[in-house]
There are 2 protein chains.
Amino acid sequence: MLTTQRRALILQRLARDGQVIAGALAQELDLSEDTIRRDLRDMAAAGLLKRVHGGALPVDAPLPDLETRQAISTDVKKRLGRAAAQMVRAGQLIFLDGGTTNAEIVHALPREMPITIATHSPAIASLLEKHRAEVILIGGRLYKHSMVATGAAALAAIGMLRPDIFFLGATAAHPVHGLSTGDHEEAAIKRAIIGQSAETVTLLTDKKLDAVSPHHIAGISDMARMILPAGLGEDRIAPYRQSHVDIIEA
Amino acid sequence: MLTTQRRALILQRLARDGQVIAGALAQELDLSEDTIRRDLRDMAAAGLLKRVHGGALPVDAPLPDLETRQAISTDVKKRLGRAAAQMVRAGQLIFLDGGTTNAEIVHALPREMPITIATHSPAIASLLEKHRAEVILIGGRLYKHSMVATGAAALAAIGMLRPDIFFLGATAAHPVHGLSTGDHEEAAIKRAIIGQSAETVTLLTDKKLDAVSPHHIAGISDMARMILPAGLGEDRIAPYRQSHVDIIEA
DNA sequence: ATAAATCATGCAATATCGTGCAATGTCAAG
DNA sequence: CTTGACATTGCACGATATTGCATGATTTAT
């Protein structure tokens with residue numbers, strides 16, 4: 001790779017990710033960190049980026065950029081939640097995964113809609129107090145990181161349900177490596193629900209499109225729908241279309 | 001995450017939330033509190049924010065608006081909660097009923113105490129996120145009035161536990177008619193837990209001392225302790241002493 | 001007054017950085 | 001083709017930055 005190409009790549013990554021980490025890029029390109037650092041140093045001198053400890057940030061607006069990024073993130077989650085809520089029909093049994101994205105689904109659901117909602121997240125369950133919906137709470141040992149019930153008890157309870165839709169939330173997804181999550185026990189629960197879901201498994205994801213956790217869940221082939229933020233760009237969405245995933249942009 | 005990004009995130013949170021809590025941010029970003037504190041200290045020195053005990057505020061904080069706290073529970077309930085928490089020993093299995101009074105028990109429990117807490121209330125379970133305690137969530141159909149799990153699934157899960165203490169909360173009590181609650185299904189759950197409790201059943205009650213619900217639960221004879229607000233007057237307490245109830249005033 | 005939470009400080013481990021230097025590659029003049 | 005100037009790259013090494021932990025002080029809440 002030519003130096004010019006490499007530096008163009010750095011600018012491209014800055015525009016795409018909003019950051020560049022020296023060590024990671026060096027490993028990815030199989031170069032010494034010195035080379036990357038020299039690039040960053042020279043480009044910073046040329047005003048093309050802002051050098052920080054550990055990498056570089058865009059020169060234009062590092063701080064405001066983060067603000068808008070985060071603000072958009074919550075806005076994205078609300079849009080995803082509304083799109084998901086529109087998939088729900090009266091009388092259905094819905095299973096809600098944990099996480100803030102699925103909390104947005106609850107907020108977007110009409111309070112008077114007669115449905116049944118199952119969840120293994122006490123936080124999600126608590127949000128449903130004002131809803132007419134029948135709520136099935138899946139019990140078990142609470143996994144502290146994401147605060148959802150896990151273990152044999154949870155698996156057994158899940159085995160008695162046939163949800164029409166399973167809203168799988170806030171999990172990393174990759175077109176080749178598949179769905180992934182950070183914890184094995186949590187993954188077992190997700191697999192169990194997916195195995196039970198009679199109709200549709202729907203993944204809501206905002207920004208973690210290409211992320212892969214260390215312990216990824218392979219072999220999830222029946223993922224039928226994926227609700228993604230609009231404006232991602234066809235280049236990032238296309239790989240998922242090839243996996244026969246029904247893409248919904250929100 | 002780069003240091004610069006983290007500090008930008010702090011400023012963004014300050015703008016969005018009007019405050020930053022050091023411990024919470026450290027946990028969210030999976031960093032030590034020292035790192036966050038160093039950030040806050042340096043940024044305060046740079047005039048980017050105002051350092052306060054526990055976190056930071058925007059530099060342009062208009063007024064010390066400390067009244068944005070959540071609903072403040074009554075003095076009585078806090079006293080009851082503290083008294084109840086003092087009964088808990090390390091290693092025990094505690095079953096917490098639903099209700100705001102038992103939420104105060106959670107608040108009064110030391111976060112580092114190694115215990116196991118079972119509950120059929122998702123609200124109570126959610127409160128335990130910051131605690132070291134192992135949490136067993138009892139699942140089932142959520143009874144909307146009090147938002148606790150009920151039904152056969154809940155009964156089955158309860159049958160597998162032998163709690164050292166069951167904190168029965170916010171239920172009406174009467175020296176003659178016994179404990180009572182407003183709903184049959186909820187009552188069945190309470191009876192089931194009481195039947196399982198190996199050691200002690202403790203009732204926390206503040207004002208409903210002589211109340212009797214239409215469908216009262218009779219035959220609760222193994223109620224060992226009752227935590228009552230101090231200063232009730234012996235005339236109201238005396239009838240309970242005759243039921244061989246261990247009265248604790250808080 | 002007492003317990004819990006928070007804080008500041010010092011210290012050690014690790015990561016990152018900058019500089020100097022040698023090895024290699026590029027290229028143009030000879 | 002050879003040679004030498006120059007650029008690029010990787011490595012070594014000391015300097016600096018960052019982070020986590022331990023400890024005791026301080027603040028807060030009760």
Side-chain angles (χ1 to χ4, degrees), chain A residues 1-10 19-46 49-57, chain B residues 1-10 19-46 49-57 64 66-67 69-70 72-90 104-115 129-133 227 229-230 249-250:
Chain A
M1 169 169 294
L2 302 176
T3 303
T4 306
Q5 287 177 310
R6 191 178 60 244
R7 300 198 171 186
L9 177 66
I10 290 175
Q19 65 170 215
V20 160
I21 294 175
L25 191 59
Q27 187 173 1
E28 180 180 347
L29 300 181
D30 198 27
L31 291 167
S32 74
E33 294 187 10
D34 301 63
T35 301
I36 302 299
R37 271 201 289 272
R38 263 184 278 251
D39 286 336
L40 297 182
R41 192 190 314 166
D42 295 346
M43 293 169 77
L49 49 80
K50 181 187 177 189
R51 188 78 169 92
V52 299
H53 195 91
L57 296 174
Chain B
M1 162 149 332
L2 302 171
T3 303
T4 307
Q5 289 180 310
R6 188 179 62 244
R7 301 196 171 186
L9 177 69
I10 291 174
Q19 67 171 8
V20 160
I21 296 174
L25 192 59
Q27 184 173 0
E28 180 180 347
L29 300 181
D30 199 26
L31 291 168
S32 74
E33 293 188 10
D34 300 62
T35 300
I36 302 299
R37 271 199 287 273
R38 262 184 279 251
D39 286 337
L40 297 182
R41 191 191 312 164
D42 296 347
M43 293 169 76
L49 49 80
K50 180 186 175 189
R51 188 79 168 90
V52 297
H53 196 90
L57 296 174
L66 301 179
E67 302 307 319
R69 287 287 179 98
Q70 288 186 349
I72 305 169
S73 54
T74 66
D75 259 7
V76 169
K77 284 186 177 176
K78 282 188 177 177
R79 288 211 311 273
L80 294 177
R82 280 198 296 274
Q86 285 170 6
M87 297 172 54
V88 179
R89 299 286 169 264
E104 285 299 330
I105 298 181
V106 171
H107 190 253
L109 280 173
R111 287 187 177 176
E112 293 304 316
M113 181 178 272
I115 55 177
E129 183 171 7
K130 301 288 181 56
H131 285 68
R132 180 174 163 186
I227 302 183
E249 297 188 54

Could you check how far [atom1] of [X] sits from [atom2] of [N], rounded to whole Å?
X: B:Leu109; N: D:dT30; atom1: CG; atom2: P; result: 15 Å
X: B:Glu112; N: C:dA3; atom1: CD; atom2: P; result: 17 Å
X: B:Asp39; N: D:dG20; atom1: CG; atom2: P; result: 10 Å
X: B:Arg6; N: D:dG20; atom1: CZ; atom2: P; result: 8 Å
X: B:Asp42; N: C:dC7; atom1: CG; atom2: C1'; result: 14 Å
X: B:Asp30; N: D:dT18; atom1: CG; atom2: P; result: 19 Å
X: B:Arg79; N: D:dT30; atom1: CZ; atom2: P; result: 13 Å
X: A:Ile36; N: D:dC11; atom1: CD1; atom2: P; result: 14 Å

Residue list, side chain to side chain donor-acceptor pair (under 3.5 Å) with [X], at least two apart or on another chain:
X: A:Arg37; answer: A:Glu33
X: B:Asp34; answer: none
X: B:Ser32; answer: B:Thr35

- List in chain and number order the residues that pass side chain to side chain contact (heavy atoms under 4.5 Å, CB included) with B:Leu29, two or more places apart in sequence or in another chain; answer none if no residue qualifies.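 With neighbours one apart ignored, the set is B:Arg6, B:Leu9, B:Leu25, B:Leu31, B:Ile36.
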
- All side chain to side chain contact (heavy atoms under 4.5 Å, CB included) counterparts of B:Arg132, not counting sequence neighbours: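 Once residues adjacent in sequence are excluded, the partners of B:Arg132 under the side chain to side chain contact (heavy atoms under 4.5 Å, CB included) criterion are B:Glu112, B:Pro114.
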
- Helical bend (five base pairs per end, nearest 10°) for the helix from C:dA1-D:dT30 to C:dG30-D:dC1: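 Nearest ten degrees gives 30° for this helix.
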
- Query: What residues, two or more places apart in sequence or in another chain, satisfy salt bridge (charged side-chain N to carboxylate O under 4.0 Å, His left out) together with A:Arg7?
  - Reply: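 Partners of A:Arg7 by the salt bridge (charged side-chain N to carboxylate O under 4.0 Å, His left out) criterion, ordered by chain and then number, come out as A:Asp39, A:Asp42.
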
- Task: Tell me, please, which residues at least two apart from A:Glu28 pass salt bridge (charged side-chain N to carboxylate O under 4.0 Å, His left out).
- Result: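 Here the qualifying residues are A:Arg13.
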
Review item, nucleotides 8-16 of chain C N/O atoms under 3.5 Å of protein N/O:
unit_1: C:dT16; atom_1: O3'; unit_2: A:Gly54; atom_2: N; d: 3.2

- Query: Counting N and O atoms only, with roles assigned by atom type, does the side chain of B:His131 sit under 3.5 Å from a partner on the main chain of B:Ile115, one being a donor and the other an acceptor?
  - Reply: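 It does not hold such a pair.
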
- Report yes if at least one side-chain N or O of A:Thr35 is closer than 4.0 Å to OP1 or OP2 of D:dC11; otherwise report no.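 For D:dC11, neither OP1 nor OP2 has a side-chain N or O of A:Thr35 closer than 4.0 Å.
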
- Answer whether the closest heavy-atom distance between the side chains of B:Leu2 and A:Ile21 falls below 4.5 Å.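 They are in contact (side-chain heavy atoms under 4.5 Å apart), so the answer is yes.
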
